[in-house]
Protein chains: 2
Amino acid sequence: MLTERQLLVLQMIIDDFIETAHPVGSRALSKKESIPYSAATIRNEMADLEDMGFLEKTHSSSGRIPSEKGYRYYVDHLIAPLSNQHNMKIIRNVIEDGFYEFEQIVQMSAEVLSELTNYTSIILGPELGETKLKQLQILPLSVHTAVAILVTDTGHVEHRSFTLPDEINSSDLEKMANILNDRLQGVPIIWLEEVFQREIVGLLKRYIRDFDQSYQYLQAIFSHEHPVKLYIGGKSNILMQPEFNDVDKIRSFYTMMENENEIANLLKNTKHGIGVSIGNENEVDAIKDLSLITASYQLGEGQIGTIALLGPTRMEYKKVISLLSSLSNEMSEALYKWYRASE
Amino acid sequence: MLTERQLLVLQMIIDDFIETAHPVGSRALSKKESIPYSAATIRNEMADLEDMGFLEKTHSSSGRIPSEKGYRYYVDHLIAPLSNQHNMKIIRNVIEDGFYEFEQIVQMSAEVLSELTNYTSIILGPELGETKLKQLQILPLSVHTAVAILVTDTGHVEHRSFTLPDEINSSDLEKMANILNDRLQGVPIIWLEEVFQREIVGLLKRYIRDFDQSYQYLQAIFSHEHPVKLYIGGKSNILMQPEFNDVDKIRSFYTMMENENEIANLLKNTKHGIGVSIGNENEVDAIKDLSLITASYQLGEGQIGTIALLGPTRMEYKKVISLLSSLSNEMSEALYKWYRASE
DNA sequence: TGTTAGCACTCTTAAGTTCTGAGTGCTAAT
DNA sequence: ATTAGCACTCAGAACTTAAGAGTGCTAACA
């Protein structure tokens with residue numbers, strides 16, 4: 001168990017290091033007002049804290065820096081989340097502006113978040129989950145081309161152009177579109193392909209001449225993956241952090257950030273509420289020396305998305321955690337308001 | 001005027017430097033088979049070429065590197081565009097896969113282009129130009145929300161959700177949507193807002209009760225900017241170039257790449273066909289030590305987009321220029337095929 | 001017994017030094 | 001006109017040195 005004084009020393013070292021990025025020495029600490037002990041005493045405490053694994057040295061005669069275990073302890077026990085009125089005001093302004101639509105709000109939140117923290121923000125759009133098809137429209141553009149437009153009950157719109165088979169005529173196309181629209185309304189997006197295959201293909205075969213020609217084109221509409229949207233803000237922001245003073249580190253970071261799959265991986269095991277992964281606690285190699293803070297937000301029944309901030313392990317945990325948790329509340333609330341009437 | 005031998009020397013130096021990124025010395029050059037002169041002779045030629053401004057030294061006793069003027073001369077007079085069958089095959093595969101839609105093709109082209117060259121590729125989607133509205137639909141999602149969907153005759157789809165004024169009832173909404181759709185079909189996208197203001201507001205005022213309430217919401221639909229889509233590939237690719245071995249350079253590059261406006265600026269003064277801007281010839285400060293190669297592609301009557309590659313001034317101009325010009329042809333052709341039937 | 005002053009020791013970082021190799025410019029010979 | 005030869009220059013790597021920050025330990029102190 002840690003003594004009062006050890007807690008104090010640990011806390012002050014981490015706070016100081018987070019601020020300055022420089023190893024903290026005993027003398028510097030002893031000068032602070034809140035610490036009434038001499039440098040020598042602090043040195044002893046530091047040595048003990050190092051033995052316990054909370055602190056590290058960068059070399060044998062350097063000041064101390066927090067270890068990952070140290071950060072973990074700090075996050076779990078030493079931070080009283082401060083409510084940052086000022087920053088929240090900025091964010092609220094973005095969110096509450098009703099003229100923006102959802103995707104813009106998210107995009108802007110990502111940018112503001114990154115701006116306020118100087119870290120890189122990642123927002124994972126809400127999963128489709130229970131979202132249902134509201135309308136499917138097939139609009140011919142010309143004799144050979146058409147565009148299919150899918151609208152969900154949450155107002156999400158997807159579209160997909162395709163070329164038409166030569167044989168089809170416009171009345172057939174219309175008939176087909178009507179059947180599809182009738183049968184698929186209210187079907188959850190993620191079931192579309194299955195329902196199409198199971199219930200509709202047979203039907204269409206009966207009603208439409210030469211349906212086999214059209215099959216592959218329709219099929220392409222529904223096999224369309226529905227990618228979860230990823231919004232990233234401030235990729236270059238994080239470069240301002242002193243830990244990115246190394247070209248190789250930058251390269252590997254950016255190589256990862258280019259790969260949406262890998263980023264999606266990062267956020268895969270997100271839990272409800274706030275999650276903090278420090279350094280090696282992360283599963284993705286490329287960020288084993290960074291920290292990731294995640295917060296989930298809700299959209300209706302069970303649909304969730306994730307807001308995350310990626311920064312050096314030397315992160316302003318206090319600020320970031322309070323900011324994220326407020327933002328996730330705001331977003332859930334805004335989304336709730338937006339969709340409230342659809343129930 | 002340059003002598004035959006000077007041309008040869010200049011060309012070999014530039015080719016060599018483009019390949020290795022190291023200053024080229026006289027002895028190394030004289031060893032090459034295609035040069036039958038001694039190092040001393042070449043030194044003399046080099047000194048002359050430097051006097052003329054085509055070459056530079058990095059320090060008083062270094063080998064030579066091309067100056068921007070040197071590159072310019074090289075691009076204008078010394079390269080016979082080589083047709084790269086192999087790379088074009090790769091690109092053609094991407095483009096000709098009919099199941100992809102336009103935006104995906106462009107996105108993938110950008111990525112392949114960057115992959116093949118190791119530079120950063122930028123593709124500016126076609127301007128809206130003459131594109132006309134094909135359909136405007138207003139789909140209510142709930143009592144309080146609706147989504148407006150605009151489809152152009154080229155199959156481009158834009159949508160925008162908004163909240164409904166409390167007063168409006170669904171039959172009014174439908175009436176309104178019908179009037180809008182009737183009146184706006186065939187109107188070029190860029191005129192939408194104007195036509196709406198001039199011809200339709202008055203009409204709606206007459207037919208719809210409490211139209212003033214709805215006005216601001218509708219207005220928001222049409223004042224929506226129609227941003228030209230920007231596709232970027234391989235932002236991190238360029239980091240592998242040795243000229244990006246400097247953290248500050250990376251920072252300024254990425255800061256620029258985060259800003260879509262600035263990128264749009266880069267490509268603003270693009271001319272028809274192939275354009276090459278070397279170093280300080282670029283107007284945007286952030287890329288004054290990079291080169292930008294642009295190629296335009298056509299979509300129907302006058303609508304154009306731009307494909308560009310951004311790399312160090314030490315760029316493989318031969319390869320890049322031939323690749324881009326082929327790609328722009330392929331894209332124009334693919335788009336032409338795609339839309340041919342709409343006329 | 002817990003705290004502190006003092007001091008020798010360690011290690012990083014910056015600045016200065018030396019050395020080598022690549023490459024030039026000039027001169028004189030071919 | 002071309003080339004061999006040589007003195008000279010400079011960047012970059014390898015080493016050395018000096019200063020400063022910080023530690024760990026011991027002994028003195030309250």
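In what follows, every heavy atom counts, from backbone to side chain, and hydrogens, waters and symmetry copies are set aside. None of the values given here were measured: they were computed from a predicted structure. Numbered from 1 within each chain, the chains take letters A, B, ... in sequence-line order.
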J.: For DNA chain D, determine which residues of residues 243-250 of chain A have any heavy atom closer than 4.0 angstrom to one of its atoms, and list them numerically.
T.: none
J.: How would you list, by chain and number, every residue that makes a side-chain contact (heavy atoms from CB on, under 4.5 Å) with Ala28(B), sequence neighbours excluded?
T.: none
J.: Identify every side-chain donor-acceptor pair in residues 46-53 of chain B under 3.5 Å, counting partners at least two apart or on other chains, and give the distances.
T.:
{"from": "Glu50(B)", "atom 1": "OE1", "to": "Arg64(B)", "atom 2": "NE", "distance (Å)": "2.9"}
{"from": "Glu50(B)", "atom 1": "OE1", "to": "Arg64(B)", "atom 2": "NH2", "distance (Å)": "2.9"}

J.: Sequence neighbours left out, what pairs pass ring pair (Phe, Tyr, Trp, His ring centres under 6.0 Å) with at least one residue falling in residues 25-61 of chain A?
T.: Phe54(A)-Tyr73(A)
J.: Got a sec, which pairs hit ring pair (Phe, Tyr, Trp, His ring centres under 6.0 Å) with one end in residues 232-258 of chain B, sequence neighbours left out?
T.: Tyr254(A)-Tyr254(B), Phe244(B)-Phe253(B)
J.: Going 5' to 3' along DNA chain D, between which two nucleotides do contacts with chain B fall, using a heavy-atom cut-off of 4.0 Å?
T.: dT2(D) to dA11(D)
J.: May I have all residue pairs that pass salt bridge (Lys or Arg N to Asp or Glu O under 4.0 Å) and include part of residues 234-246 of chain A, sequence neighbours excluded?
T.: Glu243(A)-Arg314(A)
J.: Can you give the dot-bracket line for DNA chain D, using ( ) for pairs inside the strand, [ ] for pairs that cross earlier ones, | for pairs with another strand and . for unpaired bases, where Watson-Crick and G-U count if both distances are under 3.5 Å?
T.: ||||||||||||||||||||||||||||||
J.: Checking Lys249(A) now: which residues fulfil salt bridge (Lys or Arg N to Asp or Glu O under 4.0 Å) with it, not counting sequence neighbours?
T.: Asp289(A)
J.: Give, ordered by number, those residues of residues 3-19 of chain B having at least one heavy-atom distance below 4.0 Å to an atom of DNA chain D; if nothing qualifies, reply none.
T.: Arg5(B)
J.: Residues from residues 30-56 of chain A sitting under 4.0 Å of DNA chain D, heavy atoms only?
T.: Arg43(A), Met46(A)
J.: Would you be so kind as to tabulate the donor-acceptor pairs closer than 3.5 Å made by side chains of residues 272-280 of chain A, with sequence neighbours excluded?
T.:
{"from": "Asn280(A)", "atom 1": "ND2", "to": "Glu68(A)", "atom 2": "OE2", "distance (Å)": "3.2"}

